[in-house]
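Presented below is the structure to which this report refers.
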Amino acid sequence: MEVRELNQLEGAPMHLLLLADPSQSLIEEYLHKGHCYLGVEANDTIGVYILLAKSSTTIELVNLAVAPQFQNQGIGKQLINHAIQIAKNKGYQTIEVGTGNSSIGQLALYQKCGFSIYAVDRDFFVKHYDEPIFENGIHCRDMIRLKQTLG
C-alpha cells in the first residue's frame with residue numbers, strides 16, 4: 001500500500017471518512033484545516049486519515065478509516081504508523097487521538113501502536129452529534145483521549 005497526501009485537485013474520500021465520523025459537517029470543518037492522507041492499493045483508496053495541528057508541538061489524528069473489505073488486515077496500523085512518522089518528520093513532540101468509549105477495536109489498536117489514555121471528554125458525542133451513536137451494542141457518549149510522546 002502506498003500512502004500519500006491528498007492533492008488539491010482531488011476530493012477527499014467522504015464515504016471512508018464517514019465510517020469514522022458520522023458528521024459530514026464536522027469532517028468538512030477539520031478536513032479544511034488539516035492534512036488528508038490516502039492509503040492507495042492498485043489505484044483504489046482503501047484507507048484515509050487526517051492530521052490536524054493543535055499547537056506548534058502537538059498534532060492530532062482526527063479521523064482514521066479503512067474500507068470495510070480491507071479491515072482486520074493491518075491497514076489501520078500501517079496508517080497510524082505513517083501518521084506517527086509524518087508527525088515526527090514535521091517536528092511535533094506529541095501526537096493525540098480521540099475515539100468513542102464504544103470503539104473497542106480502535107481503543108485496542110491505538111494502544112498497540114503506543115498511545116496511552118490521558119483523558120476522558122465526558123458526553124462529547126451527546127453534545128456534538130444530533131443523533132445517538134451506538135457501536136458494539138454500547139451507547140457512544142464519551143471521547144477517550146489518547147496520546148503518544150514522539151522522540
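No experiment lies behind these values; they were computed from the predicted model shown. The analysis underlying the following values was restricted to heavy atoms, covering all of them including side chains, and did not include hydrogens, waters or symmetry mates.
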Sequence neighbours left out, what pairs pass salt bridge (Lys or Arg N to Asp or Glu O under 4.0 Å) with at least one residue falling in [range]?
{"range": "residues 102-120", "answer": "none"}
{"range": "residues 126-136", "answer": "none"}
{"range": "residues 53-74", "answer": "Lys54-Glu96, Glu60-Arg145"}
{"range": "residues 7-34", "answer": "Arg4-Glu10, Glu29-Lys33"}

Exercise for the section: Can you sort out the partners of Tyr118 under ring pair (Phe, Tyr, Trp, His ring centres under 6.0 Å), two or more places apart, ordered by chain and number? Expected result: none
Practice task
Could you work out the complete set of other residues in the hydrophobic cluster of Leu9, with links drawn between I, L, V, M, F, W and Y side chains under 4.5 Å apart?
Solution key: none
By side chain to side chain donor-acceptor pair (under 3.5 Å), which residues pair with [X], not counting sequence neighbours?
{"X": "Ser56", "value": "none"}
{"X": "Tyr110", "value": "none"}
{"X": "Thr57", "value": "Ser55"}
{"X": "Asp123", "value": "Arg141"}

Side chains of [X] and [Y]: closer than 4.5 Å at any heavy-atom pair?
{"X": "Ile80", "Y": "Ile84", "result": "yes"}
{"X": "Ile59", "Y": "Leu52", "result": "no"}
{"X": "Leu61", "Y": "Ile50", "result": "no"}
{"X": "Thr149", "Y": "Gln93", "result": "no"}
{"X": "Ile144", "Y": "Leu146", "result": "yes"}
{"X": "Ile27", "Y": "Ser25", "result": "no"}
{"X": "Phe125", "Y": "Asp142", "result": "no"}

Fill in the blank from the handout: Between Leu51 and the options Val62, Asn63, Ile95, the side chain to side chain contact (heavy atoms under 4.5 Å, CB included) test singles out Ile95
Exercise for the section: Any ring pair (Phe, Tyr, Trp, His ring centres under 6.0 Å) involving residues 24-69? Give me the pairs, sequence neighbours left out, ordered by first then second residue. Expected result: Tyr37-Tyr49, Tyr37-His82, Tyr49-His82
Completion exercise
Between Gly39 and Met1 the two heavy atoms that sit nearest each other are CA-SD, 3.7 Å
Problem - For the student: nearest non-hydrogen atoms of Leu16 and Gly47, plus distance - result: CD1-N, 4.0 Å
Problem - Heavy-atom donor-acceptor pair, Ser23 side chain to Leu26 backbone, under 3.5 Å - result: yes
Problem - Tyr92 with Val3, same ILVMFWY side-chain cluster at under 4.5 Å - result: yes
Problem - Same apolar cluster: Ile138 and Leu109, side chain cutoff 4.5 Å - result: no
Practice task
Test side-chain contact (heavy atoms from CB on, under 4.5 Å) on Ser102 and Ile104 and set out the steps.
Solution key: CA-CA 6 Å; Ser102 57; Ile104 306 304; 5.9 Å; no
Show me the side-chain donor-acceptor pairs of residues 65-78 shorter than 3.5 Å, one per line, residues at least two apart or across chains.
residue, atom, partner, partner atom, Å
Gln71, NE2, Val66, O, 2.8
Gln73, NE2, Gln69, O, 3.1

Problem - Verdict with reasoning, Gln85 to Asn81, per side-chain hydrogen bond (donor to acceptor under 3.5 Å, both in side chains) - result: CA-CA 6 Å; Gln85 193 58 53; Asn81 287 333; over 6 Å; no
